[in-house]
Q: 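Right, I'll just put the structure down here and ask away after.
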Amino acid sequence: MPEKVQYSDKELILRFQQGDELAYVELVNRYRDRLMNFVYRYVGTRQEAEDIVQDTFVKLFQKKDYYRPISEFSTWIFTIASNLAKTELRKRKRRKVSYLSQLGMEEKDFDIPVEDTTDEEMVGEFTESQIQNAIQSLQLHFRTALILRDIEELSYEEISKILDVPLGTIKSRINRARLQLQEMLKQVHKDRRTTI
Amino acid sequence: MDCYEFQDKVSVYIEKELTLSDVNRFDTHLDSCKGCSAVLAGVRSAVAAVRVSERFAVSSGFNNRLFNRLKVEKVKPVSRIGRMGHGRNIFGYQPRYAFASLAAVALIIVLTVGILPKGGETMPVQLSTQQGFADPAPKQINSGVPLQPSILAEDSEEDSLETPGESRRVKPGDFGGKIQLVKDKKR
């Protein structure tokens with residue numbers, strides 16, 4: 001029985017640069033769910049997240065020659081996805097502003113749609129949507145750093161490279177994001193107790 | 001250690017990246033501060049909740065959709081200008097910008113040559129934008145004061161719709177009378 005060779009990410013991207021498209025497929029299989037998880041936490045909707053992940057892989061296909069083996073492949077692909085997600089959020093913000101400007105003052109609705117939480121699986125003492133809403137409420141730069149650290153479990157150094165921000169700033173952002181998150185979840189906990 | 005310093009370093013404490021002396025200071029503060037103990041417990045719980053939260057995956061058929069899109073992207077024609085000299089510079093410009101700049105300069109030269117009069121010839125006076133709007137009847141200005149017939153006559157003559165062949169040409173002798181007047185004044 002032939003032994004299955006397990007290539008590293010770097011080996012795969014180098015093979016893909018030399019024209020091996022199977023290496024590209026393998027990279028897609030390795031990273032699609034990790035990127036989906038990251039981007040979904042970032043933008044908050046599944047469809048948009050999936051479109052962004054697809055765009056990321058299209059970019060990878062088109063710009064494969066831009067990758068240099070001095071950095072980790074994961075850092076590079078997360079940088080692409082992060083930039084695309086950021087652009088999408090900027091577009092969304094612009095769309096929202098123009099939509100609000102088209103409405104009359106009394107028609108403006110600033111409520112964030114709340115997903116149906118019935119029969120939802122509990123994650124520890126919180127529901128999945130409570131965690132997602134808390135993450136979504138964080139400021140963008142805190143949110144990104146927190147997702148990359150606590151969900152994607154990347155190192156501080158990798159996050160610093162992906163976001164192109166000094167290491168000390170990343171540590172500080174993650175700390176502040178966690179403090180804000182615990183405040184929000186504490187509030188959720190308190191609200192639940194009062195309703196019971 | 002005070003509460004501010006504690007909160008500043010709470011993540012580093014959780015991740016066990018503090019020096020031993022700092023850990024001791026932390027522990028001492030924790031023993032005496034209930035608020036910071038609650039914050040530490042809250043942060044630990046939040047991080048744990050996020051870490052064990054659901055992992056989202058792409059929907060089924062993702063690869064097929066991606067590869068179909070790549071097929072389309074591959075078939076798309078790429079402009080020659082976009083492709084030429086990929087990563088190279090022409091006089092410090094990217095090829096596509098160099099090409100655009102060159103086209104702009106050529107256009108300016110062509111327009112300039114087209115506008116300048118040829119040697120020895122005079123330019124026909126022509127107001128092409130006014131074609132089809134000649135109104136022989138005297139017009140009323142907004143103030144309600146009718147225009148003087150002489151002015152009207154002069155205007156209508158200058159603004160007349162002549163084809164390029166019929167246009168009035170300025171001849172060297174046309175300003176003779178005016179020059180004479182100046183001379184007369186000098187005298």
Side-chain angles (χ1 to χ4, degrees), chain A residues 21 24-25 28-29 32-41 46-47 49-51 53-58 61-62 65-66 120-132 134-135 146-147 149-151 153 156 171-186 188-189, chain B residues 3-19 22 26 34-79 82-83 86-88:
Chain A
E21 293 197 354
Y24 172 76
V25 177
V28 170
N29 290 338
R32 60 185 185 191
D33 291 341
R34 280 185 75 185
L35 289 179
M36 178 65 187
N37 197 38
F38 164 62
V39 177
Y40 172 69
R41 295 289 186 187
R46 272 175 183 267
Q47 189 52 51
E50 200 160 308
D51 289 347
V53 175
Q54 200 181 81
D55 289 346
T56 306
F57 286 120
V58 170
F61 191 89
Q62 292 169 335
D65 296 323
Y66 283 75
E120 205 181 358
E121 203 181 319
M122 296 289 283
V123 182
E125 52 185 319
F126 307 104
T127 62
E128 186 57 52
S129 66
Q130 282 169 340
I131 295 170
Q132 176 67 356
I135 292 173
L146 182 99
I147 296 168
R149 178 68 190 159
D150 287 338
I151 295 178
E153 297 181 10
Y156 284 113
K171 284 184 176 178
S172 157
R173 280 184 188 178
I174 290 169
N175 189 49
R176 289 184 65 188
R178 284 172 175 171
L179 286 169
Q180 286 182 16
L181 196 72
Q182 69 91 23
E183 276 293 328
M184 284 184 260
L185 292 178
K186 198 166 80 183
V188 169
H189 193 74
Chain B
C3 296
Y4 292 109
E5 192 184 348
F6 183 90
Q7 292 196 9
D8 260 357
K9 291 179 178 170
V10 69
S11 283
V12 198
Y13 179 75
I14 289 171
E15 292 181 353
K16 296 179 179 156
E17 287 188 3
L18 278 181
T19 59
D22 271 345
F26 249 76
K34 279 187 179 174
C36 286
S37 297
V39 168
L40 178 67
V43 170
R44 273 198 170 131
S45 152
V47 171
V50 169
R51 284 194 173 161
V52 296
S53 62
E54 190 187 340
R55 292 286 183 264
F56 295 93
V58 293
S59 58
S60 59
F62 175 85
N63 280 19
N64 286 342
R65 287 194 297 277
L66 172 67
F67 300 143
N68 284 338
R69 187 173 156 193
L70 285 173
K71 268 182 210 163
V72 175
E73 298 276 334
K74 269 190 207 171
V75 175
K76 261 187 197 170
V78 182
S79 76
R83 280 177 63 187
H86 181 72
R88 276 181 278 159

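Lettering follows sequence order; numbering is per chain, from 1.
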Q: Report the distance from atom CZ of A:Arg32 to atom CG of B:Leu66, rounding to the nearest 0.5 Å.
A: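 That separation rounds to 10.0 Å.
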Q: Enter the distance from B:Leu70:CG to A:Gln54:CD here, rounded to the nearest 0.5 Å.
A: 8.0 Å
Q: Side chains of A:Asp33 and B:Arg55: does their closest heavy-atom pair fall under 4.5 Å?
A: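 The answer is no, as the side chains (C-beta and beyond) never meet within the 4.5 Å cut-off.
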Q: With respect to chain B, which residue among A:Val28, A:Leu35, A:Ile151 yields the maximal number of heavy-atom pairs within a distance under 4.5 Å?
A: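 Top option by heavy-atom pairs under 4.5 Å: A:Ile151.
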Q: What is the distance from atom CG of A:Asp150 to atom OG of B:Ser11, rounded to the nearest 0.5 Å?
A: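 Reported value, rounded in 0.5 Å steps: 8.0 Å.
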Q: Answer yes or no: is there a donor N or O on one side and an acceptor on the other, between the side chain of A:Asn175 and the main chain of B:Gln7, under 3.5 Å?
A: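 Yes, A:Asn175 side chain to B:Gln7 backbone: donor-acceptor pair under 3.5 Å.
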Q: Once the angle between the rings of B:Phe62 and A:Phe57 is folded into 0 to 90°, is it parallel (under 30°), tilted (30 to 60°) or perpendicular (over 60°)?
A: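 Aromatic pair B:Phe62/A:Phe57 classed perpendicular.
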Q: Where on A:Arg34 is there a heavy atom nearer than 4.5 Å to chain B: the side chain, the backbone, both, or neither?
A: neither
Q: Considering only NZ, NE, NH1 and NH2 on the basic side and carboxylate oxygens on the acidic side, decide whether B:Arg69 and A:Asp55 come within less than 4.0 Å.
A: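 Counted as a salt bridge, because a side-chain N and a carboxylate O are separated by less than 4.0 Å.
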Q: Between the main-chain N or O of A:Glu128 and the side-chain N or O of B:Glu54, is there a donor-acceptor pair closer than 3.5 Å?
A: no
Q: For residues B:Phe56 and A:Asn37, report the shortest heavy-atom separation together with the two atoms involved.
A: N-OD1, 2.9 Å
Q: Say you draw a straight line from CD of B:Glu17 to NZ of A:Lys171; how long is it, rounded to the nearest 0.5 Å?
A: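 It comes to 5.0 Å.
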Q: Distance from B:Ser53 atom OG to A:Gln132 atom CD, nearest 0.5 Å?
A: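 With rounding to 0.5 Å, OG (B:Ser53) is 8.0 Å from CD (A:Gln132).
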Q: So which part of B:Arg44 gets closer than 4.5 Å to some heavy atom of chain A, the side chain, the backbone, both or neither?
A: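 Neither; nothing under 4.5 Å.
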Q: Contact part of A:Glu21 toward chain B, heavy-atom cut-off under 4.5 Å: side chain, backbone, both or neither?
A: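 When you check distances to chain B, only side chain atoms of A:Glu21 fall under 4.5 Å.
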Q: For residues B:Ser59 and A:Glu50, report the shortest heavy-atom separation together with the two atoms involved.
A: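 Of all heavy-atom pairs spanning B:Ser59 and A:Glu50, the closest is OG-OE2, 2.6 Å.
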Q: Please identify, among A:Val58, A:Leu146, A:Leu185, the residue contributing the most non-hydrogen atom pairs under 4.5 Å to chain B.
A: A:Val58
Q: Measure A:Ile147 against the heavy atoms of chain B and call it side chain, backbone, both or neither at under 4.5 Å.
A: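 No part of A:Ile147 comes within 4.5 Å of chain B.
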Q: Given a strict heavy-atom distance threshold of 4.5 Å, which part of A:Glu183 is in contact with chain B: side chain, backbone, both, or neither?
A: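 For A:Glu183, there is no contact with chain B at all, as no heavy atom is under 4.5 Å.
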Q: Can we say A:Arg149 and B:Glu15 salt-bridge, meaning some charged N sits less than 4.0 Å from an Asp/Glu carboxylate O?
A: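 Counted as a salt bridge, because a side-chain N and a carboxylate O are separated by less than 4.0 Å.
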Q: Of the backbone (N, CA, C, O) and the side chain (C-beta and beyond), which part of A:Val53 lies under 4.5 Å from a heavy atom of chain B, both, or neither?
A: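 For A:Val53, the contact with chain B is made by backbone and side chain together.
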Q: Check whether B:Arg51 gets within reach of chain A through its side chain, its backbone, both or neither, counting any heavy atom under 4.5 Å.
A: both
Q: Measure A:Phe38 against the heavy atoms of chain B and call it side chain, backbone, both or neither at under 4.5 Å.
A: neither
Q: Is any side-chain heavy atom of B:Val39 closer than 4.5 Å to a side-chain heavy atom of A:Leu179?
A: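 Result yes, sub-4.5 Å side-chain heavy-atom pair found.
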